[in-house]
Amino acid sequence: MTNADVARIFAEVADLLEIRGEDVFRVNSYRRVARTIEDLPVDINEIAARGELTGLPGVGKGSAEKIQELLSTGKLQLREELVREIPESLLELREIPGVGPKKIALLWKERGIRSLADLKAALEAGKLAGLKGLGDKSIQQIKEGIEFLERSAGRVRLGIAAAVADLICDRLRRTRGVRRVEPAGSLRRGRETVGDLDLLCIADDPDLAIRTFTELPEVGRVLAAGQTKGSVLYQYAPGQSLQVDLRVVPEESFGAAWQYFTGSKEHNIRLRELALKRGWSLNEYGLTEGDKTIASRTEEEIYAALGLPWIPPELREDRDEFDTPPPEDLLTLEDIRGDLHVHTTESDGIHSLEEMVVAAAARGYKYLCIADHSRSSTIANGLTPQRLEKQMEEVRRLARKTRGLKVWIGTEVDILADGSLDFPDELLSKLDFVTASIHSGMGRDAATNTRRTIAAMQNRYVNVIGHPTGRLIGRREAMALDIEAICREAARTGTALEINASNLRLDLKDQHARLARELGALVCINTDAHSIDELEEMRFGVLTARRAALRSTDVLNTRSPAEIMKFVQAKRNKKK
DNA sequence: GCCGTTTTCGGCCCGACTGTTTTCAGTCG
């Protein structure tokens, strides 16, 4: 039973209890446990084996026993009882916007609805009329909610949300009277996926700002358009929509609104609790004591009034940000001095060596390492040793002509099924820098995958493990892997672990990168760019690193070219 | 069900919006 399994079951139990009408605080405590376990970078089985379950946030004696029961029997008595009583398929209805536990219970008890299919049939047959507390408008709302559910693709990737936000913010900034536009929500926190976009603005003419927003050509449907808020479905690709909310807020309470709408919800709850302890109240208009405003203009003022340093948005997840102050030298995009994993037309990139070098120089980088695929990645046109030798000459020739930017020759060498590498050591030894990645056979068990990765790290020429878990967000799960063991071996062997900055990967993900830092493994943030545009994705890798509270010193490619070469030599010279 | 330099019992965040309502319940973020 994996962490995800346990988390899912606790979340389901919470939903079922809520439909049954249990105390909301008891329900929430199950949700809290689900979230804690989902967030956990290490295997819950090991924590249970060490008897440390009650040390986890929100896990008390009762939850610890239930987790133990799940891990040892694969079942949970409470859940079995609940599903005997309440049809499990009712949980589908939770996804419909505007439908919560009370309405679900009503539909089930009064009309015998047990699933989404039942609900659609009942709507079709007009069987919902006459329900107490559910008028015509509510019925219409449910219909529209189902339509929305069936059309929407759920959460979108960070890269898509960021592109949409950039575009809308840009148009709003060019609107008369608009003085400031900022993204908030999970986009600002740098989460790997975004449910909807939250934008804030200060405008002299709020009506004009909202109208400009709701009349953007890509807007498919306007959900709300009031004095202070506009809400639309924005079509970013054919048949693909994202909900975007724009709020116009007063300048004097911009900080409070920005803090409030950035979230996370859990972070905000903790913050309001802190306010309450001092007899104050915190909402989107400010931090107040009775009628008196204590802070509202900037986020910094609000955090300071509550006795906290300003907490960077990426850390606002109610993990440890209230107990551990954010590091002074939290990584920024400006700290990044080069990219050590990019492709060219020689394998499966779409831009040439020269084009990639020019683009990297334009970004102000100090170094760029060409890392095309190796021969086993045939689909990606992987290089044979002979082709790599030839590319090496070309890169070295270009490097001699290039000023201000070190151009290095490397490879993204395949880690084969048995953990050996796709190129011989003799060839690897001639390269400046080596990234090793798994591209095939990811379906094996955790022990096998971990063994393969560790074998690669034990090769003295391997400097980075590329996209260590192999996940593709929304497309492919991470492979089964003992991340803790990999971090320890990375630290021991002097091998860095990649945060692949591609918005499709972001792998290592935030919690894994956090574990790497705690275990002393160095992280390297690379774009794996297959085109010059993709060099831009470095920002997503940095956001992920910030969510892991990484300092610039935790990241290899914040170092100077000479220091990178020293890092490579140190491993090559290491005594076995 | 969890949790505690105000508490081991009695709390547990806050406001907006909507709909079905004459004072509130449900949902959402």
Side-chain angles (χ1 to χ4, degrees), chain A residues 10 13-15 17-19 21-36 53-67 76 78 93-107 128-142 144-145 148 155 184-189 191 194-200 223-231 243-245 247 249 253 256-288 306-307 316 318:
Chain A
F10 269 77
V13 166
D15 285 347
L17 287 170
E18 203 170 25
I19 291 170
E22 293 283 338
D23 173 54
V24 66
F25 296 108
R26 182 172 171 230
V27 169
N28 278 338
S29 67
Y30 281 90
R31 292 222 167 95
R32 179 91 205 277
V33 174
R35 203 177 76 90
T36 294
L53 285 173
T54 50
L56 296 171
V59 179
K61 192 159 161 283
S63 299
E65 279 170 10
K66 290 191 176 70
I67 295 170
L76 187 62
L78 173 61
L93 307 187
R94 291 235 55 176
E95 302 299 319
I96 306 169
V99 176
K102 296 295 194 294
K103 281 187 188 147
I104 292 175
L106 185 75
L107 292 168
L128 297 191
L131 273 178
K132 192 161 157 279
L134 201 79
D136 290 347
K137 284 197 176 169
S138 294
I139 291 172
Q140 187 57 30
Q141 207 178 45
I142 292 174
E144 286 177 9
F148 175 79
R155 299 180 69 89
S186 48
L187 172 69
R188 185 172 177 228
R189 301 202 310 278
R191 272 197 60 175
V194 171
D196 54 18
L197 265 185
D198 292 295
L199 307 176
L200 297 190
L223 302 171
Q227 291 289 305
T228 62
K229 181 187 166 180
S231 181
Q243 183 173 333
V244 187
D245 296 341
R247 288 178 176 82
V249 303
S253 59
W258 208 14
Q259 194 290 314
Y260 181 88
F261 288 110
T262 294
S264 66
K265 188 181 166 197
E266 291 78 11
H267 175 89
N268 286 358
I269 288 173
R270 286 286 305 275
L271 215 53
R272 286 196 283 270
E273 281 171 359
L274 288 178
L276 209 64
K277 270 185 193 154
R278 294 163 192 243
W280 300 340
S281 173
L282 177 64
N283 60 31
E284 60 264 53
Y285 301 108
L287 181 63
T288 53
L306 293 169
R316 299 181 195 169
D318 188 21

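The figures that follow rest on heavy atoms only: side chains count, while hydrogens, waters and symmetry mates do not. Per chain, numbering begins at 1; letters A, B, ... match sequence-line order.
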C1' atoms of B:dC28 and B:dC13, separation to the nearest Å
14 Å
Rounded interatomic separation in angstrom, taking CD from A:Gln243 and C1' from B:dC28
11 Å
Just to confirm, is there a sub-4.0 Å distance from OP1 or OP2 of B:dC2 to any side-chain nitrogen or oxygen of A:Ser63?
yes
Looking at A:Arg26, does any N or O in its side chain come under 4.0 Å of the phosphate oxygens OP1/OP2 on B:dG1?
yes
Protein-nucleotide distance (A:Leu271, atom CG; B:dG15, atom C1'), rounded to Å:
16 Å
Any idea which of B:dG1, B:dC13, B:dG15 is nearest the A:Glu273 side chain?
B:dC13
Choose from B:dT27, B:dC12, B:dC13 the nucleotide whose nearest atom is closest to any side-chain atom of A:Asp23.
B:dC12
Considering only the C1' atoms, how many Å lie between B:dG4 and B:dT8, rounded to the nearest integer?
8 Å
Euclidean distance, atom CZ of residue A:Phe25 to atom C1' of B:dC9 [Å, nearest integer]:
15 Å
Please tell me if A:Ser29 has a side-chain N or O lying less than 4.0 Å from either OP1 or OP2 of B:dC12.
no
Judged by each residue's nearest nucleotide on DNA chain B, which is more toward the 5′ side, A:Arg272 or A:Lys137?
A:Arg272
Just call it for A:Leu276: base, sugar-phosphate, or nothing, with non-hydrogen atoms closer than 4.0 Å on any strand.
sugar-phosphate
Quickly work out the A:Leu287 CG to B:dG15 P distance and round it to whole Å.
12 Å
Heavy-atom nearest nucleotide on DNA chain B for A:Ile139 versus A:Trp280: which residue maps closer to 5'?
A:Trp280
If the C1' atom of B:dT7 is compared with that of B:dC2, how far apart are they to the nearest Å?
13 Å
If you measure from the P atom in B:dG11 to the same atom in B:dA16, how many Å do you get, rounded?
25 Å
Taking atom P in both B:dG15 and B:dT22, compute the distance separating them and give it to the nearest angstrom.
24 Å
Please check the phosphate of B:dG4 (OP1 and OP2 only) for any side-chain N or O of A:Lys277 closer than 4.0 Å.
no
As a test of understanding, state which of A:Asn283, A:Leu282, A:Leu306 forms a side chain to side chain contact (heavy atoms under 4.5 Å, CB included) with A:Arg272.
A:Leu282
With rounding to the closest Å, how many angstrom separate the C1' atoms on B:dT20 and B:dA25?
9 Å
Is a side-chain donor-acceptor pair under 3.5 Å present for A:Glu284 with A:Ser253?
no
Would you mind classifying the nucleic acid contact of A:Val27 as base, sugar-phosphate or nothing, using non-hydrogen atoms under 4.0 angstrom?
nothing
Closest of B:dG15, B:dG29, B:dG26 to the A:Tyr285 side chain is B:dG15
Complementary nucleotide of B:dC3, counting Watson-Crick and G-U pairs under 3.5 Å:
B:dG10
Check this one for me: any side-chain N or O of A:Asn283 less than 4.0 Å away from OP1 or OP2 of B:dG15?
yes
Quick check for you: among B:dT20, B:dT27, B:dA16, whose closest atom lies nearest to any side-chain atom of A:Ser138?
B:dT20
